[in-house]
Structure formats: structure tokens, C-alpha cells
2 protein chains.
Amino acid sequence: MSSTRRLTLRDIAKQAGVSYQTVSRVINNHPYVAEETRQRIHDLIAELDYHPNKAARSLATRRSHTLALITFGMDYYGPAQMVIHIERAAKAAGYDLVLSIAGDISRGTVQDAIASIMHWQVDGILMIKPVPGVAYDDAIDISGGVPTVQINGEKDDRIPSISVEQAVGSRIITEHLLELGHQHICEISGPLNWYDALERHESWQQTMRAAGYKPGYSIEGDWTAQGGYRAMQKLLSITRDFTAVVVANDQMALGALRALRMEGIRVPEDVSVVGFDDVPEAACYEPPLTTVRQEFDVLGQQGIEYLVERINNPDAPIERHIIYPALIKRLSSAPPRRL
Amino acid sequence: MSSTRRLTLRDIAKQAGVSYQTVSRVINNHPYVAEETRQRIHDLIAELDYHPNKAARSLATRRSHTLALITFGMDYYGPAQMVIHIERAAKAAGYDLVLSIAGDISRGTVQDAIASIMHWQVDGILMIKPVPGVAYDDAIDISGGVPTVQINGEKDDRIPSISVEQAVGSRIITEHLLELGHQHICEISGPLNWYDALERHESWQQTMRAAGYKPGYSIEGDWTAQGGYRAMQKLLSITRDFTAVVVANDQMALGALRALRMEGIRVPEDVSVVGFDDVPEAACYEPPLTTVRQEFDVLGQQGIEYLVERINNPDAPIERHIIYPALIKRLSSAPPRRL
DNA sequence: ACCATAGCTGTGAACGGTCACACAAATAGT
DNA sequence: ACTATTTGTGTGACCGTTCACAGCTATGGT
């Protein structure tokens, strides 16, 4: 029942008739151990199902081979999607992952998250940080200089980070509508305290102005389908003088679609609607949604890769990696109806 | 730059003019330390921002205050949703969480996942296991007797587990359709190698038979919207003799909805469609989807609670906790059209 | 006045690894 | 043939905690 004491290096050593140090060498692939001995010990380890004790190891080496992931807004598609690929990439790089999800990004919460992670002696921290809150410098300060990479955080060249160029996404989809002939374009934005939401919002405005048009009304949503529904209702109550709506994510676009249908407005015949994210379901919306694809998988994976790079070379110059989103054309966008 | 050596118990002790053991007592809230001393040490710890070293601690205590979460199918709504609440509950219970996502559930993969976790000396393992694969006994064997709780795994009273009673969900939604007057009901099921999918499938059949009707055709989908779309196309190519379709999750229902519309079939006037899960977007589908709510948050939270209970009391009799799903009526289901 | 007990504090030895070093044997260089 | 080097192996100290135990002081019961 209760397991006999866990195996240790010494147990293996005794069985193999060598010293514990030799076993340690084998485990860590150090040179200078006879091929025959190495093999014998390997076999023994497999046979006895021995696992080195991570605590002891990281105590001795001061490295934990562990990465921390601090994330916010896991309820949303993007962050959740990233976690999968982050875990995978971390494992591939030989690191374990401890997870810390912060509900909000107040200083206290983040401090707690980091504190709870600090005693792990993690080798690095990956932070998904979609909204301003505790400053990066602060976080670094709290974490005592552990290498940290930020995903989708503020645009600051002093911060090692990797992010999707939101402005580009917003621009290409707005230009797509402009090319179709739309001139009166409204927006349902995300919560403007999110970096992504703000960048998309501003880029939409700039693109409109650059094309010589005035940006239409903009309603602030909350990323959810219900929120998109309400935002669209609100927009319709303010004006009907638009032929296209740029929605800041796909879920809200779904809600917007529904609100339009409730009013008997057809998409794309009467109004074009475009989203952002390209969630897997977007192709089955009614109608299938024109949107912008963000490669969350690439984002997560490159985040880990860059973090590992920084761990191995902490004094390298700081980089800001950028990933560009792509336009996905479907059926929810079409030329405006001739008036 | 490079941080001066991390603080240790001894540093604090020296500063406070006491022995390291006293500091240790303060940290662990042990009795027999003068109130005045305790306060002074607390202040010092806060001031110097000292964090006990987790590795050393777990080496000495043989407890890591860490739980492992092994999960499969993180791409799907349910598991992803659970992770959030599992992390939260774990933190609330004073445990950290290490994450291991297995792509598939072959014996090798799971073995890797468990092995990579074993050297953590985790205090417990939570396993989200939606499909058969490596047997629980096997897993336990590999993990060397660490307390383990399974979420949504096989129905086996020898396994500490917590799951949603899928059969009930499937029954109540089928009965809902029967009560509306439907008699010819088809199904789009999940991949039948998933426990959940199989249970829902069988329960649908049984409910139909119990009511005196023959179950209609059943097409196997893959949980995705696209898969639901194709499944519905396939179903329509086989038969049109049905007035309702039970779909095994909401995403597939979305695809099914679209396939029906492409054929000019109206929902719910011509055909009723019901889903399963109650994803947040379901209320904004076209039409809003009648579905079954699974409380993934409760599932995750209770999973942790039960695991902690087992850690503290490993010899307690094994329990199988059940959570019951609830019917959510919306607009995609209605009485069948009179022929 | 004496001993038992409760309250508070310190000392040495683990926990299970790694590192720096010492050492023996085999090989190579001159 | 003698030394220098490479290869293989073992020993002691240490990483930063906790645990078991010992010791000292104050208090209280008889």
C-alpha cells in the first residue's frame, strides 16, 4: 500500500555497484563514464522506475526547469488557445509549466500571482497581459529579475515581448470594406482598456481618415456575444446610416449578426459585418464571417521560444517580436447596396 | 544587475537576532514563539521581501503543495473552461498547479505526462479524461500511488471521480422534444470513443425506446462546427423523415443549423435542433439554441475539493460524485409541424 | 522548597540531489 | 622509461528547509 520510501540515487548506485556520483553523471549525460557502466545504469533506472527528485535537484542547481505562465482573461478565446500551445512548446523545450490565472490585473492580484510563483525558483515567466495594470517594471521588480517575456502587452521597446500587430489587422479589414465601396462604417469595439481593443479602434479610425472618410459611430462592447448583441441594438437606436460594421471580435460579431436579423436587416445585402480572431466556428456563422486571423498558436509558441532564448542569454538586447494577422474573406462582407 | 544571492532563513534569523529555527516556526505558524518575536520576524520578512524556497521545503517535508492537472482535448470548450476554475480552486486550497496537456491518450503520451510530473513530488493528480485510453489503474501504477481524482472518466466505482451525468442530460433534452410532440428524432453524436459522446448517444436511444419510438438515424461528428455541418449534410442526404435533431454539443449544432439553412429548411418551424453544453454564444445562435447546461466551473472546483479531501484522508472510501445538467430552453425547439 | 509542566529558543542531522575536487588507471608524447 | 594527458570513478561539502531533540526560564501545585 503505502509506497516504500522513494528511490534515490544511492539506491540505484548500490544496486549497480557504483557510487552515487556515477549515477548522477549518467542521469545528466555527463561525459567520462564507461559506455558499459552507462548502459547498465540506464537499464537499472528503467527497471526500477526511478525518477530523480526535482526538489533536490533544483535546490542544488538553483534551476527549476520550470516556467511560469501568468495569464488574464482566460475566459476568452485567445488566451485559452495560447495556453495549449504554450504548454506544448514549454514541454518541447524541456520545461514544466506552472499556471497562474489572475482574475483581474490590479496590482494586488498580480503581486499575489508572482509571489506565489517566486518560491518556485522558476527559470522564466511568460505573461499574457491584455490590459494595462501593474507595470512591467513593477512585475520585474517583484519577481527579482527572473527573465520575463510579455505577450500582447504594451508597446514598449524596453520590454521583451511578442505580439500580434493589431493595428494591421484592423487596417486590412477596414481597407477590405473600403475597397468593396463602403463609406459609412461603424464599429463595435472591445473594452477600450484592453490594449488590443484600443489599437484596433484607433487603427480603424486612422484607416477611415486616411481614405478620406469620417469614422462612423463606435460602441464599446465586452467581447461577449451578448455584449455584441446589445451593442448593435444600441448602435441601431442611434443611427441607421451605415453600410458596414467592424466588430472587434468574432463572438461580438455573432451577437451583432443576431441583433441585425431581429431588425430584419440582411447581412451582407443591407449591411456588411466583419469580425476579428477567426474562431473555429466563424465559418459556420450565419452568414460565414469575414474576419482577421490571429495565430494564437504561433504567438504562444514563439513566446516560449523567445523566453528560453532569454533565459540562456539574459544580456542579449531586448526584442519586440511582431506577428502579422491575415484577412479571411467569407460571406458577411459584400459591396454596399446602391442607394 | 544579477541579484545578490537569494535570501535564506539564516539571513532573516541573523537580522532578527534569533536562530533559523525560530524563523522557520514563524513561517509555519508553529506555536511556542513569543508574540513579540513573531511580530518582529514577520515585519522583517515583509521588509526584506523574503520568500521561502519551495524546493528546499518540499525536499524536507516530502510535500510539494502542488497539484498536477493532466488534461486532454483542451481544444474543446469544456476542458478549457474547467482549467480556469481548477486553477482558481487549487490556489484557494493553497496548492500550485502544474499543467500537462496530452494531445492524445495513448499509453505512451499519458505515461510521458505522468512521468514528467512524477519528479515534482506532486501531492495529487487531477485527470480530465474524456476518452478511454490508458486505464486508471495503470495511471495510478505509473504515478506510484499519488492520490488521483478523475473528471468525466469511465463509470467505475473503484475510481475516485467526479462527473456530469451525461445520460441525464441526454434524457431530459430528448424528453423535451418528445413532450413537444416529436416522434422522428435523429442525432448527430460526438466521436463515440469519448465517454460523454457514447453516454449521450445511448441515453438518447433508450429514451426514445422508452417512449415507444424508434431512434432515428445517427451520424457521428467530431465536436466541431464544421463537423456538425458535414454531419447534417450527410444526414439530409440519407433521409428527410425527421422533425428534430439532437446534436451532441453546441458547436456542432451551429454547423447543423447552417447546413439546414443552406437547404432552405427552417428551424424550428420545419425541424427542431438542440445542443449540449450551453456555450456562452448559444443564446446568440440563429435561432438561439435550446441546449443542456453543464456546469464546468462546478465540476472543476469540486474536482479540486475532492482531491484535497483525498490527500488529507487517503484511506477514506472511494466516492463517485455526480453533477446533474439542466435543460435550457430557447428558440431552436418547437412543436413539429403538423403533416 | 521542590518538582512537574508549559512556554520559548537553539543545535545537529536529515531530505536527495550537484559541484569541486582528488585519485587511479589507461593512453599518449618525447 | 618517465611524465603529461585523457578517461573513468569516488569523497566531502553544500543547496535551504524541516524535524527530533535538548535546554533554559518562568509558573504553579502540593
Side-chain angles (χ1 to χ4, degrees), chain A residues 3-42 44-45 48-66 94 96 118-123 144, chain B residues 3-42 44-45 48-66 94 96 118-123 144:
Chain A
S3 50
T4 56
R5 199 177 46 80
R6 268 177 64 104
L7 288 169
T8 77
L9 267 187
R10 262 118 176 143
D11 298 324
I12 306 290
K14 202 182 299 176
Q15 292 261 339
V18 295
S19 79
Y20 54 84
Q21 177 58 22
T22 302
V23 179
S24 173
R25 286 197 185 91
V26 170
I27 291 172
N28 295 295
N29 273 317
H30 285 170
Y32 302 145
V33 47
E35 192 45 50
E36 189 267 336
T37 315
R38 185 183 297 275
Q39 192 52 52
R40 186 157 40 97
I41 293 179
H42 263 137
L44 210 50
I45 286 176
L48 301 182
D49 191 32
Y50 162 76
H51 298 276
N53 182 313
K54 187 150 184 155
R57 197 178 233 174
S58 67
L59 182 58
T61 57
R62 277 96 165 267
R63 304 191 89 224
S64 60
H65 276 275
T66 299
D96 287 323
M118 276 316 294
H119 51 212
W120 272 108
Q121 303 266 80
V122 293
D123 297 339
Chain B
S3 51
T4 56
R5 198 179 47 81
R6 266 177 65 103
L7 288 169
T8 76
L9 268 187
R10 263 123 173 139
D11 298 324
I12 306 291
K14 203 182 299 173
Q15 292 262 339
V18 295
S19 79
Y20 54 85
Q21 176 58 18
T22 302
V23 179
S24 173
R25 285 196 185 93
V26 170
I27 291 172
N28 295 294
N29 272 317
H30 284 170
Y32 301 146
V33 44
E35 190 46 48
E36 188 268 335
T37 314
R38 184 182 299 273
Q39 191 52 51
R40 185 157 41 98
I41 293 179
H42 263 137
L44 210 51
I45 286 176
L48 302 181
D49 192 33
Y50 161 76
H51 297 277
N53 182 313
K54 188 151 183 153
R57 197 178 232 176
S58 69
L59 181 58
T61 57
R62 278 93 165 268
R63 305 191 87 221
S64 61
H65 275 274
T66 299
D96 287 324
M118 276 317 293
H119 52 210
W120 274 103
Q121 302 266 78
V122 292
D123 297 338

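Naming convention: chains lettered A, B, ... in sequence-line order (proteins, then strands); numbering from 1 in each chain. Everything numeric here is computed off the predicted structure, so don't read it as measured data.
Here the side chain of B:Gln21 is nearest to one of C:dC15, C:dG17, D:dC19, namely D:dC19. You'll find that the side chain of B:Tyr50 is closest to D:dT17, out of D:dT11, D:dT17, C:dC21. Checked against C:dC21, D:dG16, D:dT17, the side chain of A:Leu59 finds its nearest nucleotide in D:dG16.
Side-chain contact check for B:Asn29 versus B:Arg38: some heavy-atom pair is nearer than 4.5 Å. Side-chain contact check for B:Arg10 versus B:Lys14: every heavy-atom pair is 4.5 Å or farther apart. Within the 4.5 Å cutoff, the side chain of A:Gln39 has no heavy atoms near those of the A:Glu36 side chain. You'll find the side chain of B:Arg57 reaches within 4.5 Å of the side chain of B:Ile27, heavy atoms only.
Between the CD1 atom of B:Ile12 and the P atom of C:dT9 there is a distance of 17 Å, given to the nearest Å. Rounding to whole angstrom units, CG of residue A:Leu9 and P of D:dG10 are separated by 13 Å. Note: CD (B:Gln39) to C1' (C:dC8) measures 17 Å, nearest angstrom. As a whole-Å value, the separation of B:Glu35 CD from C:dT9 P is 11 Å. If you measure from atom CD of A:Glu36 to atom P of D:dT7, you get 18 Å, rounded to the nearest angstrom. With rounding to whole Å, B:Ile41 atom CD1 is found 13 Å from C:dC8 atom P. Atom P of nucleotide C:dT18 and atom NE2 of A:His65 are separated by 10 Å, given to the nearest angstrom. In this structure, the NZ atom of A:Lys54 is 13 Å from the P atom of C:dT18, given to the nearest Å.
What you find for A:Ser58 and B:Ala55 is that their closest heavy atoms are OG-CB, 3.2 Å.
In terms of phosphate contacts, B:Thr22 brings a side-chain nitrogen or oxygen within less than 4.0 Å of OP1 or OP2 of C:dG10. Note on A:Thr61: every side-chain N or O is 4.0 Å or more away from OP1 and OP2 of C:dT18. At D:dG16, none of the side-chain N or O atoms of B:Thr8 fall inside 4.0 Å of OP1 or OP2 (strictly under the cut-off). One finds a side-chain N or O of A:Thr37 lying less than 4.0 angstrom from the OP1 or OP2 phosphate oxygen of D:dT9.
Judged by distance alone, with hydrogens and angles left aside, the side-chain atoms of B:Lys54 form no donor-acceptor pair with the main-chain N or O of A:Gln121 at under 3.5 Å.
Judged by atom type and distance alone, B:Arg62 does not reach the base of C:dG16 through any side-chain donor-acceptor pair under 3.5 Å. Judged by distance alone with a 3.5 Å cut-off, a donor-acceptor contact links the side chain of A:Tyr20 to the base of D:dG12. For A:Arg38 against D:dG8, no side-chain N or O and base N or O form a donor-acceptor pair under 3.5 Å.
Going from atom CG of B:Asp96 over to atom NE2 of B:His65 covers 10.0 Å, rounded to the nearest 0.5 Å.
Here the rule is side-chain contact (heavy atoms from CB on, under 4.5 Å) with A:Leu44, and of A:Asp11, A:Val18, A:Ile12 only A:Ile12 fits it.
A heavy atom closer than 4.0 Å to some atom of DNA chain D occurs in A:Tyr32, A:Val33, A:Ala34, these being the qualifying members of residues 26-34 of chain A.
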